[in-house]
Amino acid sequence: MTEPSTRTLADALDALRNAAEAASLEQQAAVREGEALAAAVAESAEQAYLDWGEQTGHPDPQAFFDAAHRGRRWRAAPTALLGQLVLNRSPQAANYAEALAEVCRAAQTLGEPNPRTAGNAAVAAAAQLAALTPPPMPATTRPEVAAMLRALNQSSRDLSSLDLSSLDLSSLDLSSLDLPGGLPGITPGLRPGPAGLQPEPVEGQPPPGAATSSAHPAEAQQPATKPEPKPKTLDELLAELDALVGLTAVKAEIHRQVAVLRVETLRSKAGLKSPTITRHLVFVGNPGTGKTTVARLVGGIYRALGLLSKGQLIEVDRSELVAGYLGQTAIKTAEVVASAAGGVLFVDEAYSLAGDQYGQESVDTLVKEMEDRRDDLVLIVAGYPDPMAIFIAQNPGLASRFRTTIEFDDYTDEELVRILQQMAQAADYDLDDGCVVRFEAILATTPRGPMFGNARFARNLLEAAIGKHAWRLRDIDEPTVEQLRKLIADDFDEGETENEPPVMSHEPAAEDESAKLEEPTSEPG
């Protein structure tokens with residue numbers, strides 16, 4: 001368990017700005033991430049908005065609550081900029097993750113701290129740091145499921161090794177081919193791959209292997225800079241997908257999509273006719289079932305297939321697309337789409353855009369941008385099943401572009417136990433058998449329905465347990481490492497413990513769909 005931060009939030013945000021500069025990220029965007037994450041950690045602390053406003057320079061209380069709304073999604077998943085660095089395997093990813101973790105620790109000192117903010121800070125910091133290490137492959141999987149996934153994965157690999165040497169390519173202009181080293185079965189070297197197919201550097205950094213101009217001989221004598229690490233491969237990303245808890249049907253559908261899109265790409269590069277396959281997706285399911293986690297992996301997978309240039313995930317909801325009056329909404333939506341160019345735009349609770357002229361203006365802008373950027377943008381819309389079906393059906397421009405719907409089932413009790421154990425491990429806490437028994441008992445008495453939070457429910461219980469654990473140790477001056485790590489069954493008791501101060505929560509009873517948690521590295525939304 002990490003000791004409370006001795007830094008102020010202002011100091012932690014300055015350190016985050018420096019980490020962003022070292023990683024060639026936009027510093028102001030990084031600070032906005034840090035401010036939102038801090039607000040989400042501290043929002044249940046009384047008077048936290050006052051300290052937050054003083055240290056961020058945003059005195060308006062509404063700015064605090066707006067930031068908390070944006071930041072809840074990152075209490076259990078890597079921020080957008082950290083996700084970009086991890087995807088590109090930037091050597092600065094670890095420094096940026098640690099800076100975000102320090103922001104979380106500093107945020108728990110805002111206002112009048114309580115056990116809930118301590119739990120929020122611990123889980124949020126662990127989520128940022130755990131993004132650097134993908135979850136291990138599960139040791140055991142049901143035989144039939146494992147066999148199905150292996151078959152799909154092998155089919156995808158086989159497609160990339162197709163021998164096209166028997167095709168009549170005499171009419172092809174080989175100078176337009178984009179495959180590095182030529183086509184399979186054809187002598188390599190016909191044309192080097194374009195720069196666009198090389199590993200994508202982090203924004204603001206020079207492309208790897210960039211030649212030094214001969215006009216500057218002094219620069220040419222400088223030692224060669226270390227090339228940027230290669231982005232994650234398709235096999236690595238599929239392995240991360242397969243390692244997620246549950247989601248068997250989702251994994252099978254993503255593997256199928258990979259196979260179909262890979263064949264389409266190979267046929268196109270071979271000069272064969274190929275139907276245009278819509279890449280945009282609809283994710284439907286209850287909160288906390290993994291939608292955001294899978295969307296993030298889809299961005300990397302599409303990039304590895306050469307379908308996207310960057311593969312980053314930009315996650316938004318209605319509040320980040322719709323403005324206060326007509327005309328401004330189109331501009332606001334277009335700006336959000338521009339930030340997602342080259343990657344995936346994930347619109348959470350997309351059906352909230354229906355029913356008024358402002359939302360319709362945003363939808364119309366999305367349809368136009370999808371067409372204008374069809375070669376380098378993927379849109380994923382998500383939400384509850386029935387509202388999403390109605391939303392898509394009532395917008396012809398969307399219905400023609402979304403042909404694939406992926407359903408995310410609720411987690412079983414066994415899967416939720418595994419999720420809780422992984423989250424606790426990622427946050428450096430130990431659960432004894434009593435904790436698991438108590439958690440299972442809570443699950444058994446919790447109604448399941450559309451509002452059940454799934455992995456988010458497990459995350460909320462863990463945050464509360466961490467807060468009660470901190471309260472238990474309040475009078476121990478020098479607790480042992482075992483005491484700092486060990487959670488007990490009583491920590492999972494609902495309600496306040498003896499002499500514990502009440503928690504002043506400003507969170508809604510049911511968090512927005514964008515608040516997420518599942519795996520140590522990322523969380524289902």
Side-chain angles (χ1 to χ4, degrees), residues 25-37 39-40 43 49 52-53 56-74 79-81 84 203 280 282 292 295 310 312-374 376-383 387-388 390-392 394-402 508 511-515 525:
L25 297 173
E26 183 184 349
Q27 296 177 49
Q28 192 54 41
V31 170
R32 286 196 298 268
E33 277 193 347
E35 291 173 346
L37 184 57
E43 64 179 327
Y49 70 93
W52 183 90
T56 62
H58 306 304
D60 184 359
Q62 189 58 47
F64 171 81
F65 295 112
D66 289 345
H69 175 78
R70 295 193 308 272
R72 283 187 207 124
R73 66 190 64 166
W74 297 326
T79 68
L81 293 179
Q84 178 183 337
E203 185 178 354
H280 311 293
V282 180
T292 306
K310 297 180 181 178
Q312 81 279 15
L313 176 76
I314 301 298
E315 182 184 357
V316 297
D317 57 19
R318 176 187 168 95
S319 67
E320 292 160 278
L321 295 172
V322 174
Y325 54 87
L326 290 176
Q328 188 182 21
T329 289
I331 297 173
K332 189 174 183 179
T333 299
E335 289 175 347
V336 169
V337 173
S339 70
V344 172
L345 177 61
F346 182 85
V347 181
D348 202 15
E349 293 183 336
Y351 46 75
S352 64
L353 295 174
D356 62 72
Q357 56 186 338
Y358 300 100
Q360 188 58 51
E361 183 182 6
S362 180
V363 170
D364 293 342
T365 304
L366 286 173
V367 170
K368 178 181 182 301
E369 293 289 338
M370 289 168 68
E371 182 63 27
D372 293 346
R373 302 177 185 271
R374 60 184 178 274
D376 203 20
L377 175 72
V378 168
L379 183 64
I380 299 178
V381 292
M388 285 303 300
I390 296 172
F391 171 67
I392 296 296
Q394 291 179 345
N395 289 275
L398 293 177
S400 63
R401 289 168 172 82
F402 290 97
E511 291 182 8
D512 63 288
E513 176 74 4
S514 64

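Just the heavy atoms: all of them, side chains too, but no hydrogens, waters or symmetry mates, feed the values below.
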**Student:** If I compare all heavy atoms of Y358 with all of A323, which pair ends up nearest, and what's the gap?
**Tutor:**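 The pair with the smallest heavy-atom distance is CD2-O, 4.1 Å.
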
**Student:** Can you find a pair of side-chain heavy atoms, one from L366 and one from D364, that are under 4.5 Å apart?
**Tutor:** no

**Student:** For A68 versus A39, what's the shortest heavy-atom pair and its separation?
**Tutor:**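 Closest approach of A68 to A39, heavy atoms only: N-CB, 3.6 Å.
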
**Student:** Looking at every non-hydrogen atom in both residues, tell me the closest pair between P59 and G57 and how far apart they are.
**Tutor:**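 Residues P59 and G57, closest heavy atoms: CD-O, 3.3 Å.
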
**Student:** Counting only heavy atoms from other residues, nucleotides and ligands, does the tally under 6.0 Å from NZ of K332 exceed 12?
**Tutor:**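 Yes - once you tally the heavy atoms of other residues, nucleotides and ligands closer than 6.0 Å, there are more than 12.
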
**Student:** For V282 and M388: C-alpha separation, side-chain torsions, deciding distance, then whether side chain to side chain contact (heavy atoms under 4.5 Å, CB included) applies.
**Tutor:** CA-CA 8 Å; V282 180; M388 285 303 300; 4.0 Å; yes

**Student:** Using a strict cut-off of less than 4.0 Å between a Lys/Arg side-chain nitrogen and an Asp/Glu carboxylate oxygen, indicate whether D356 and R318 qualify as a salt bridge.
**Tutor:** yes

**Student:** Any side-chain heavy-atom pair from D348 and V316 closer than 4.5 angstrom?
**Tutor:**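 Not in contact.
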
**Student:** Please name the pair of heavy atoms, one in E371 and one in R374, separated by the smallest distance, quoted to 0.1 Å.
**Tutor:** O-NH1, 2.8 Å

**Student:** Does some side-chain heavy atom of I392 sit less than 4.5 Å from a side-chain heavy atom of Y351?
**Tutor:** no

**Student:** Quick one: pull up CG in L398 and CZ in R401 and give me the separation to the nearest 0.5 Å.
**Tutor:** 8.0 Å

**Student:** Which heavy atom of W74 sits nearest a heavy atom of A36, and at what distance?
**Tutor:**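 Looking at all heavy atoms of both residues, the closest pair is CZ3-CB, 4.0 Å.
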
**Student:** Could you tell me if the side chain of Q394 sits less than 4.5 Å from the side chain of I390, heavy atoms only?
**Tutor:**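 Yes, their side chains come closer than 4.5 Å.
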
**Student:** On a heavy-atom basis, which atom in H280 and which in L379 lie closest, and how many Å separate them?
**Tutor:**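 Closest approach of H280 to L379: ND1-N, 2.9 Å.
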
**Student:** Evaluate E33 against R70 for salt bridge (Lys or Arg N to Asp or Glu O under 4.0 Å), listing each step before the verdict.
**Tutor:** CA-CA 9 Å; E33 277 193 347; R70 295 193 308 272; over 6 Å; no

**Student:** For the atom pair CE (M370) and CG (L377), what is the distance rounded to the nearest 0.5 Å?
**Tutor:**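 Reported to 0.5 Å precision, the distance equals 7.5 Å.
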
**Student:** How about I314 and F346: do any of their side-chain heavy atoms sit closer than 4.5 Å?
**Tutor:**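 Result no, sub-4.5 Å side-chain heavy-atom pair not found.
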
**Student:** Looking just at side-chain N and O atoms, do S362 and T333 make a donor-acceptor pair shorter than 3.5 Å?
**Tutor:** yes

**Student:** Give the C-alpha distance, both sets of side-chain angles, the deciding distance and a yes or no for side chain to side chain contact (heavy atoms under 4.5 Å, CB included) between T365 and L321.
**Tutor:** CA-CA 10 Å; T365 304; L321 295 172; over 6 Å; no

**Student:** Can you measure from CD (E335) to CD (E320) and round to the nearest 0.5 angstrom?
**Tutor:**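 It is 13.0 Å, given to the nearest 0.5 Å.
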
**Student:** Check the pair K310 / D376 against side chain to side chain contact (heavy atoms under 4.5 Å, CB included), numbers first and verdict last.
**Tutor:** CA-CA 9 Å; K310 297 180 181 178; D376 203 20; over 6 Å; no

**Student:** Is the shortest side-chain heavy-atom distance between L345 and I380 below 4.5 Å?
**Tutor:**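 Not touching, per the 4.5 Å side-chain cut-off.
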
**Student:** Using the ring of each side chain (for Trp, its six-membered ring), is W52 parallel, tilted or perpendicular to F64, with breaks at 30° and 60°?
**Tutor:**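 Correct class here is perpendicular.
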
**Student:** Quick one: are Q360 and L353 in side-chain contact, heavy atoms under 4.5 Å?
**Tutor:**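 In short, these two side chains do not touch, never coming nearer than 4.5 Å.
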
**Student:** Taking atom OG1 of T79 and atom CZ of R32, what is their separation to the nearest 0.5 Å?
**Tutor:**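 If we round to the nearest 0.5 Å, T79:OG1 and R32:CZ are 12.5 Å apart.
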
